[in-house]
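Following: one structure in structure tokens, then a few remarks.
Heavy-atom basis, side chains included; hydrogens, waters and symmetry copies ignored. Model, not experiment: these values are computed from the prediction. Order of the sequence lines sets the chain letters (A, B, ...), proteins ahead of strands, with each chain counted from 1.
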Protein chains: 2
Amino acid sequence: MKIGQLALISHVKVETVRYYERRGLIPNPPRRESGYRQFSQKDVERIRFIKHAQSIGFTLNEITELLSLKVEPEATCGDITLRIDAKLNDIKSKIKTLVQMEKTLMKLKKACKTPNAPSEECPILESLNTELE
Amino acid sequence: MKIGQLALISHVKVETVRYYERRGLIPNPPRRESGYRQFSQKDVERIRFIKHAQSIGFTLNEITELLSLKVEPEATCGDITLRIDAKLNDIKSKIKTLVQMEKTLMKLKKACKTPNAPSEECPILESLNTELE
DNA sequence: ATTGACTCTATACTTAGGTGTAGGGTTTAT
DNA sequence: ATAAACCCTACACCTAAGTATAGAGTCAAT
């Protein structure tokens, strides 16, 4: 199939497919005489893999790594699990940060008892001037 | 004080101070004859404000907005609270996404029962090829 | 055989928040 | 008075993951 159809099926833009190829995420496809890329079902799967991996938080660099682990003969399933664990740690720490932000924001919000007061003397803005715990 | 000292006190780089000035986050400072910027304690506070606001998740664009609300005469404390609420929603939705990723990753992790199996047949990679629920 | 839709390459642009560099001028301490 | 340390502007570069564009060539249907 041609690039347009692959893109359509895979719900990505044509430029994204070419971008993935440039990044080495998709094997260089064979070409017609005209230079047109010829894709196959394998490429549809490959893009699905990439998109799924992205949706669980992997970057394209990390996905490149996962894909090469897949073909390295000495790589084991345990090696994959290691990457999963690392990503779990990433995500946990992001959650932690966000939860802390949430807490601080809720505390700040409560600081405002007079919604009609001029913003100039808003206790929220004032506390941003000094300390945040 | 000169830019280097402001940067030192504020724990930011000199270039960052100039960058904030370019973005309009810091008022244009007066200059000496030589062209050197002259900063004051107010600017230290301003950078503190920016850094605190960043640490609770506001972008520099949003901080610019907060700063202008602060000086608009008709703006009220309630207007500030609105921004806090919007940011709280942002953050909640980011947390939600991350928690979902975490769940999926943990499920994937459990799928691997044979850590020494070759990665080629790793059930984790296989599920990325097909479906993720 | 021509038109419209598709594809090709190469290059630049996007967002966000900076960071780094080149090529100069200034200040300060000795 | 000279050297180190600082400051100036203007510009390019960085990451991440694309998106957009120009200018050219190709394919499919009428």
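For A/Y36 against D/dG25, a side-chain N or O and a base N or O form a donor-acceptor pair under 3.5 Å.
Under 4.0 angstrom from either OP1 or OP2 of D/dA5 there lies no side-chain N or O belonging to B/Q5. Taking only side-chain nitrogens and oxygens, B/Y19 never comes nearer than 4.0 Å to OP1 or OP2 of C/dA16. Taking 4.0 angstrom as the limit, A/Q54 places a side-chain polar atom (N or O) nearer than this to OP1 or OP2 of D/dG18. Considering only side-chain N and O atoms, A/R32 lies nowhere under 4.0 angstrom from the phosphate OP1 or OP2 of D/dG25. Using a 4.0 Å cut-off, some side-chain N or O of B/K51 falls inside it from OP1 or OP2 of C/dG18.
Side-chain atoms of A/R46 come within 3.5 Å of backbone N or O of A/L25 as a donor-acceptor pair. Of the possible polar contacts, none joining the A/E72 side chain to the A/L69 backbone as a donor-acceptor pair under 3.5 Å is found.
For B/R22, the listed nucleotide lying nearest its side chain is C/dT19; candidates were C/dT19, D/dG18, D/dT9. Distance from the side chain of B/K2 is smallest to C/dT27 among C/dT27, C/dG18, C/dG17. Picking from C/dT27, D/dA17, C/dT7 the nucleotide with the shortest atom distance to the side chain of A/V14 gives C/dT7. Counting only heavy atoms from C-beta on, B/R18 has its side chain closest to D/dT9 among C/dT19, D/dT19, D/dT9.
A salt bridge links A/K87 with A/E62; the closest basic N to acidic carboxylate O contact falls under 4.0 Å.
Distance A/E62 CD to D/dA16 C1': 12 Å, rounded to the nearest Å. Distance B/E33 CD to D/dC7 P: 18 Å, rounded to the nearest Å. If you measure from atom OH of A/Y20 to atom C1' of D/dT19, you get 12 Å, rounded to the nearest angstrom. Rounding to whole angstrom units, CZ of residue A/R31 and C1' of C/dC6 are separated by 15 Å. Atoms CD (A/Q38) and P (D/dC27) sit 10 Å apart, rounded to a whole Å. Here the P atom of nucleotide C/dA12 and the CD atom of A/E15 are 17 Å apart, to the nearest Å. To the nearest angstrom, C1' of C/dC8 lies 15 Å from CG of A/N28. Rounded to whole angstrom, the span from the CG atom of A/L6 across to the P atom of C/dT7 amounts to 10 Å.
Of the residues near DNA chain C, B/I50 and A/G35, the one whose nearest nucleotide (by heavy atom distance) lies more toward the 5' end is A/G35. Between A/R23 and A/S34, the one whose closest nucleotide on DNA chain D sits nearer the 5' end is A/R23.
With a 6.0 Å cutoff to the six-membered ring centre and a 45° limit on the axis angle, B/K13 does not count as a cation-pi contact of B/Y19.
Between the OH atom in A/Y36 and the CD1 atom in A/I3 there is a gap of 11.0 Å [rounded to 0.5 Å].
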